[in-house]
2 protein chains.
Amino acid sequence: MPVTPLALDRFDRHILDIVQQEGRISNQELADRIGLSPSPCLRRVRALEEHGLILQYRAEVDARQLGYQLMALLHISMDQHTPERFDNFERHIREIPNVIECLIITGQAADFQLKILVRDMDDYQHLLLHVINRIEGVTGAHTSFVLRRVFEHRPVPTERP
Amino acid sequence: MPVTPLALDRFDRHILDIVQQEGRISNQELADRIGLSPSPCLRRVRALEEHGLILQYRAEVDARQLGYQLMALLHISMDQHTPERFDNFERHIREIPNVIECLIITGQAADFQLKILVRDMDDYQHLLLHVINRIEGVTGAHTSFVLRRVFEHRPVPTERP
DNA sequence: GAGATAATTGGCAGAATATATCTTTTTAAT
DNA sequence: ATTAAAAAGATATATTCTGCCAATTATCTC
């Protein structure tokens, strides 16, 4: 996607600032706020999309109201650190909709950190023991429950380097 | 916001499924996809917004292209577990734009897990030693660097309980 | 199950918005 | 200063949004 790195000026940064918080803002309102007319504003938004600076637009939904009362961070260790093991684990983990994030990390006993949404403890217990622990190569699993989300999904800063 | 829990039918769930992945979809297209005409479709979207089921719309931007090459998970332990200590920490941490997520967790030596975006190691070193470690009450800090994001920001599942 | 009531859908019209094209202005370089 | 290139602004057309009303569907009561 990024043919050329694309130099961002203050208009572009301002657009990114705004759409990170108001993804459905109209182009007219956006143009007003950044101080351009609608045409060049829309052109810039399209360019940011084409260059992959804007990856996608998403609605954030309230997991609680959908019945997902419990969030857990699960640290997973693998027996072997081979690409095959990791690929296989990733393929399996992708199939579990409750796993909303999967990171490969250093600095822990674990290899993966998963962010998991479940309805309750029973739900979690089942997922851990009967689904995740059964994936080949998983030797360890350590759970941290999230007591409170102080904040999540904050915008990426846009000031110059 | 949630006056009444709001019973969700298959149309509502379908809407949530779609807007979680295509936050800027037009109402007409959305209506087409869920199999309703635009009017009731828009009414449902508005109702989901009012009830707080849709919290907000957001553009996801590519942090890498903005110069944030490094993501870290930082586990913070506090000396005292008093509301004052925690409140004070949260107030300070909110002021740091590089911290894009802050969770209070169990199951670790730590009390907080922070998700941090920085440009490079120098940047991280400065943030850790000169900003975060200096917040009152912080006694421990353990860093995990993110080697790879297998996936992030996956949609919340919407099937019935 | 019939009838009444409430809730929800669909269609339509006017307003707002998006989008493509063209012209003008600004910027940069020689 | 002149030219070329890039970006902004204006305008017209097409699309989309949004509020209102009639028609349909679902629900409840007896």
Side-chain angles (χ1 to χ4, degrees), chain A residues 1-62 65-67 155 158-161, chain B residues 1-62 65-67 155 158-161:
Chain A
M1 229 88 341
V3 188
T4 164
L6 187 66
L8 301 178
D9 61 16
R10 66 189 180 88
F11 290 119
D12 295 313
R13 291 174 193 276
H14 202 172
I15 289 173
L16 292 176
D17 275 338
I18 292 172
V19 297
Q20 280 192 84
Q21 297 178 260
E22 294 172 58
R24 272 198 89 110
I25 190 173
S26 76
N27 181 58
Q28 303 213 357
E29 163 99 26
L30 183 61
D32 263 7
R33 293 231 217 134
I34 68 171
L36 276 180
S37 66
S39 307
C41 181
L42 185 63
R43 268 194 295 267
R44 281 166 180 271
V45 171
R46 291 288 174 266
L48 291 168
E49 290 166 0
E50 310 247 311
H51 278 80
L53 249 136
I54 293 175
L55 293 165
Q56 61 173 330
Y57 297 90
R58 223 166 334 95
E60 184 188 354
V61 312
D62 186 347
Q65 284 196 60
L66 279 168
T158 56
E159 338 81 64
R160 303 194 155 285
Chain B
M1 229 95 331
V3 188
T4 163
L6 187 65
L8 301 178
D9 61 16
R10 67 191 179 87
F11 290 119
D12 296 312
R13 292 174 192 275
H14 202 172
I15 289 172
L16 292 176
D17 274 338
I18 293 171
V19 297
Q20 281 192 85
Q21 297 178 258
E22 294 171 59
R24 272 196 89 108
I25 191 173
S26 75
N27 182 57
Q28 303 214 357
E29 163 101 24
L30 183 61
D32 263 6
R33 293 230 216 133
I34 68 171
L36 275 179
S37 68
S39 307
C41 181
L42 184 64
R43 267 194 296 267
R44 280 165 181 272
V45 171
R46 292 286 175 266
L48 291 168
E49 291 167 359
E50 311 248 312
H51 278 79
L53 248 136
I54 294 175
L55 294 164
Q56 61 175 326
Y57 298 90
R58 218 195 327 272
E60 183 188 355
V61 312
D62 186 348
Q65 284 197 61
L66 279 169
T158 55
E159 337 81 66
R160 304 194 156 284

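All of these numbers come straight from a predicted model, not from anything done at the bench.
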Considering residues at least two apart in sequence or located in another chain, which fulfil the side-chain contact (heavy atoms from CB on, under 4.5 Å) criterion with L42(A)?
N27(A), R46(A)
DNA chain D-proximal residues of residues 23-41 of chain B, any heavy atom under 4.0 Å:
S26(B), N27(B), Q28(B), S39(B)
Taking H51(B) for its side chain and A47(B) for its backbone only, find out whether a donor-acceptor pair lies under 3.5 Å.
yes
Let me test you: for the helix from dG1(C)-dC30(D) to dT30(C)-dA1(D), what is the angle between the axes at its two ends (five pairs each), rounded to 10 degrees?
50°
Taking only residues two or more places apart in sequence or in another chain, which ones pass salt bridge (Lys or Arg N to Asp or Glu O under 4.0 Å) with R58(B)?
E60(A)
From CA spacing to verdict: side-chain contact (heavy atoms from CB on, under 4.5 Å), D12(A), L53(A):
CA-CA 10 Å; D12(A) 295 313; L53(A) 249 136; over 6 Å; no
Provide the closest heavy-atom pair for L66(B) versus L8(A) in the form atom of the first, atom of the second, distance.
CD2-CD1, 3.6 Å
Less than 4.5 Å apart, any side-chain heavy atom of Q65(B) and any of L55(A)?
no
What's the CZ-C1' distance between R46(A) and dA8(D), to the nearest Å?
17 Å
Under the salt bridge (Lys or Arg N to Asp or Glu O under 4.0 Å) rule, collect the residues that match up with R33(B), sequence neighbours excluded.
E22(B), E29(B)
Rounded to the nearest angstrom, tell me the gap between atom CZ in F11(A) and atom P in dA7(D).
12 Å
Given 3.5 Å as the limit, does a donor-acceptor pair link the side chain of R24(B) with the main chain of Q56(A), or not?
no
For D62(B), enumerate each residue passing the salt bridge (Lys or Arg N to Asp or Glu O under 4.0 Å) test, keeping only those at least two apart in sequence or located in another chain.
none
Quiz item: R43(A) side-chain donor-acceptor pair to dA8(D) base, under 3.5 Å:
yes
Roughly how many Å is it from CG in L42(B) to C1' in dA13(C), rounded to a whole number?
16 Å
Using whole Å, report how far CG of D12(B) lies from P of dA7(C).
16 Å
Tabulate atom names and distances for all N/O pairs under 3.5 angstrom spanning the protein and nucleotides 23-25 of chain D.
none

Without decimals, in angstroms, what is the distance between D9(B) CG and dT27(D) C1'?
15 Å
On the nucleotide dT9(C), are OP1 or OP2 found under 4.0 Å from the side-chain N or O atoms that R44(B) carries?
yes
Can you sort out the partners of D32(B) under side-chain contact (heavy atoms from CB on, under 4.5 Å), two or more places apart, ordered by chain and number?
none
If you apply the rule side-chain contact (heavy atoms from CB on, under 4.5 Å), what do you find for V19(A) with L48(A), and how did you get there?
CA-CA 11 Å; V19(A) 297; L48(A) 291 168; over 6 Å; no
